[in-house]
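A note on names: the letters A, B, ... follow the listed sequences, proteins ahead of strands, and every chain is numbered from 1. Every value quoted in this text rests on a predicted model; they were computed, and no experiment measured them. Basis for what follows: all heavy atoms, side chains included, without hydrogens, waters or symmetry-related copies.
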Number of protein chains: 2
Amino acid sequence: MRPEAILHALSDPVRAAIFTQISGQGCVQACSEVAMVGDRAIPKSSLSHHIKVLREAGLIRCERHGVEMRNHSRCSEVDQRFPGLIAAILGAYALVGV
Amino acid sequence: MRPEAILHALSDPVRAAIFTQISGQGCVQACSEVAMVGDRAIPKSSLSHHIKVLREAGLIRCERHGVEMRNHSRCSEVDQRFPGLIAAILGAYALVGV
DNA sequence: TCCCATAGTTCGGAATATCGGAACTATTGA
DNA sequence: TCAATAGTTCCGATATTCCGAACTATGGGA
């Protein structure tokens, strides 16, 4: 879990929005529930790529549940390792309304 | 001054190190003083590019002083707009020793 | 069992960004 | 005016990103 990977993952507003969504409500979302960011539909190959980047950065964990993939936020683990990082980043995005 | 630009700028460990260096001691450094990161020499065209990315992200301000360029950290301005962001990021890098 | 529908992943090629050497520009001092 | 120093710009090689199309995996019927 490296800081540069986390920053890179969240330096894309679309990925930051996806991560916010996964972290926010209930902390579990299937990819198909994330297929919209704002009013914008994300092509599923792009979404798959974004999810992969978030996963490889250690920000989320994915497990198959039947036919769908559930994405869990790893917020608390990341926060334990890098205190305040996630909060500051999502806070900054929230301030500019993304 | 957008969060994604700041995160992108600092998602490169070399740039993060340059920014740490500029922010750290005395808050002013000419590019030539930054030409080393760790034991690694940075080509000056690359350094110029890195400095530009940091400048455009709003992280530093550059002004010519005679023949050299001085780089000032804008830490406090960034912190005013996005509280805790810089500290959390540099703190995370410090934790892994970069 | 076989087939279909749903959910994601992988492939491939076009567009874009990054890196660094070489050439260029700007400023100072002799 | 010329030389030296400090950065910038240009450009080609390399690497990333984006997304449609094809592919894989799982579960639910007929």
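- Across every non-hydrogen atom of A92(A) and P3(B), the tightest pair is O-CG, 3.6 Å.
- M36(B) and I42(B) fall into different hydrophobic clusters, where Ile, Leu, Val, Met, Phe, Trp and Tyr side chains are chained together by heavy-atom contacts under 4.5 Å.
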Side-chain donor-acceptor distances from residues 5-15 of chain A under 3.5 Å, at least two apart:
unit_1, atom_1, unit_2, atom_2, d
S11(A), OG, H8(A), O, 2.8
D12(A), OD1, V14(A), N, 2.7
R15(A), NE, A9(A), O, 2.7
R15(A), NH1, H50(A), ND1, 3.2
R15(A), NH2, H8(A), O, 3.4

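- Counting only residues at least two apart or on different chains, the salt bridge (charged side-chain N to carboxylate O under 4.0 Å, His left out) pairs with a member in residues 75-86 of chain B are R74(B)-E77(B).
- DNA chain C lies under 4.0 Å from no heavy atom of any residue of residues 8-15 of chain A.
- Note that the first and last nucleotides of DNA chain C, 5' to 3', having any atom under 4.0 angstrom from a heavy atom of chain B are dT18(C) to dT28(C).
- Looking at every heavy atom in both residues, R70(B) comes nearest to E68(B) through NE-OE2, 3.5 Å.
- Each salt bridge (charged side-chain N to carboxylate O under 4.0 Å, His left out) pair with one or both residues in residues 35-55 of chain B, not counting sequence neighbours, would appear here, but there are none.
- Remark: L90(B) pairs with F19(B), T20(B), I86(B) by the side-chain contact (heavy atoms from CB on, under 4.5 Å) rule, at least two apart or across chains.
- For N71(B) against I22(B), the heavy-atom pair with the smallest separation is O-CG2, 3.4 Å.
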Per-nucleotide protein contact string for nucleotides 24-30 of chain D (B base, S sugar-phosphate only, - none; heavy atom under 4.0 Å): --BS---

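- Take A88(A) and apply the side-chain contact (heavy atoms from CB on, under 4.5 Å) test, not counting sequence neighbours, and it matches L85(B), A88(B).
- In this structure, CZ in F82(B) is found 7.0 Å from CE in M1(B), a value given to the nearest 0.5 Å.
- Residues satisfying the side-chain hydrogen bond (donor to acceptor under 3.5 Å, both in side chains) test with R61(A), not counting sequence neighbours, are none.
- Remark: K44(A), S45(A), S48(A) in residues 42-52 of chain A come within less than 4.0 Å of DNA chain C through at least one heavy atom.
- Residues V67(B) and L47(B) fall into different hydrophobic clusters, defined by Ile, Leu, Val, Met, Phe, Trp and Tyr side chains chained together at heavy-atom separations under 4.5 Å.
- Contact detail for C62(B) and I51(B): the closest heavy-atom pair is SG-CG2, 4.0 Å.
- Taking a 6.0 Å sphere around CD of Q80(B), one finds it holds 12 or fewer heavy atoms contributed by other residues, nucleotides or ligands.
- For the segment residues 56-63 of chain A, the set of residues with a heavy atom within less than 4.0 Å of an atom of DNA chain D is empty.
- Annotation: salt bridge (Lys or Arg N to Asp or Glu O under 4.0 Å) contacts of E56(B) (sequence neighbours excluded): none.
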